[in-house]
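Here the structure is laid out as structure tokens; the discussion comes afterwards.
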Protein chains: 2
Amino acid sequence: MDVYAAISDPSRRAILDLLLEGDRAAHELLGAFRFSQPALSKHLRVLREHGLVSMRKRGREHLYHLEARQLREVSQWVAHYERFWNEKLDRLGNLLEDMP
Amino acid sequence: MDVYAAISDPSRRAILDLLLEGDRAAHELLGAFRFSQPALSKHLRVLREHGLVSMRKRGREHLYHLEARQLREVSQWVAHYERFWNEKLDRLGNLLEDMP
DNA sequence: GAGTTCAATAACCGTGTGGTTATGTATTCG
DNA sequence: CGAATACATAACCACACGGTTATTGAACTC
């Protein structure tokens, strides 16, 4: 499984979206979903194994933290297609070069 | 299956990448892969059903054409994470607003 | 120490995915 | 016309995926 497969599941994308707002313990994340605790644990394991999240323990809680850098590959891949719907992007590269 | 699942397969991403360079007949695409013709046909069907490619017939050839707009959803989703590896993006939104 | 909470793992299961071979259908070529 | 080419579909198969329940193991709480 690669990063694309890891984010192909809507539940896992939702987890990442939640972590976008800050670190969360597993039981906090669970409240956002209808499936069982082991199901969440499996999703978190997949995300961990792909470096999309990291975990540290605080007492009995497992705090999960977003590691967004692993999404860079996806971002770069899809960027090749962006000119098809955004004409402004043609000039964007140059602008970025000039920025301090 | 949603768009994310459609692009979760590396072969299908490779097909899209090939179509990035221009329209291709199915048998031309097939040359880039090791799997069988029906396997390619299935991948193309998935891509068609998600609007990621379109097809027109020319004689007995089926010409496939990239429909990149369907990737916009992916692009927008991953954009939420881009600030984690690109500080310049923070100021990017404002710049885009000012562009003609 | 006993019970409770938080989370991971094990074992299992139905379903979907990606591949195959075999077949069918147009279309072109000789 | 018959043969060959291009492609899709049907039928099948091994395997991975996402879910479940049951169990286990830490770590608080009383």
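Below, chains carry the letters A, B, ... as their sequence lines are ordered, and counting in each starts from 1.
Take B/Arg24 and apply the side-chain hydrogen bond (donor to acceptor under 3.5 Å, both in side chains) test, not counting sequence neighbours, and it matches no residue.
Relative ring orientation between B/Phe35 and B/Phe33 is described as parallel, the plane-to-plane angle staying below 30° on a 0-90° scale split at 30° and 60°.
In this structure the side chain of A/Ile7 reaches within 4.5 angstrom of the side chain of A/Leu71, judged on heavy atoms.
Pairing each heavy atom of B/His43 with each of B/Ser11, the nearest pair is NE2-CB, 3.9 Å. For B/Val3 against B/His50, the heavy-atom pair with the smallest separation is N-CD2, 4.0 Å. Smallest separation of non-hydrogen atoms from B/Leu29 and B/Leu44: CD1-CD2, 4.0 Å. Scanning both residues, A/Arg58 and A/Glu61, for their nearest heavy atoms gives NH2-OE1, 2.7 Å.
Reading DNA chain D from its 5' end, the first and the last nucleotide to sit under 4.0 Å from a heavy atom of chain A are D/dC17 to D/dC28.
Within the structure, the salt bridge (Lys or Arg N to Asp or Glu O under 4.0 Å) test picks out no pair touching residues 63-76 of chain A (sequence neighbours left out). For residues 39-52 of chain A, the set of pairs meeting the salt bridge (Lys or Arg N to Asp or Glu O under 4.0 Å) definition, not counting sequence neighbours, comprises A/Arg45-A/Glu49.
A donor-acceptor contact closer than 3.5 angstrom is absent between the side chains of B/Asn86 and B/Tyr81.
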List every contact pair, protein side and nucleotides 9-16 of chain C side both N or O, where the distance is under 3.5 Å.
| residue | atom | partner | partner atom | Å |
| --- | --- | --- | --- | --- |
| C/dT9 | OP2 | A/Arg45 | NH1 | 2.8 |

Which atom pairs link the protein and nucleotides 1-6 of chain C when you take only N or O atoms and keep those under 3.5 Å?
| residue | atom | partner | partner atom | Å |
| --- | --- | --- | --- | --- |
| C/dT5 | O4' | A/Arg60 | NH1 | 3.4 |
| C/dT5 | O2 | A/Arg60 | NH1 | 3.4 |

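Residue B/Leu40 is the one, among B/Leu40 and A/Arg12, whose nearest nucleotide of DNA chain D lies closer to the 5' end (criterion: closest heavy atom). Both A/Asp9 and A/Lys57 sit near DNA chain D, but only A/Asp9 has its closest nucleotide nearer the 5' end.
B/Arg58 comes within 4.0 angstrom of no nucleic acid atom, judged by non-hydrogen atoms across all strands. When heavy atoms are screened at a 4.0 angstrom cut-off, B/Phe33 is found touching no nucleic acid atom at all.
Using a cutoff of 4.0 Å between basic side-chain nitrogens and carboxylate oxygens, A/Arg13 and B/Asp2 are scored as salt-bridged.
Spacing between atom CD of A/Glu49 and atom C1' of C/dA8 amounts to 12 Å, rounded to whole angstrom units.
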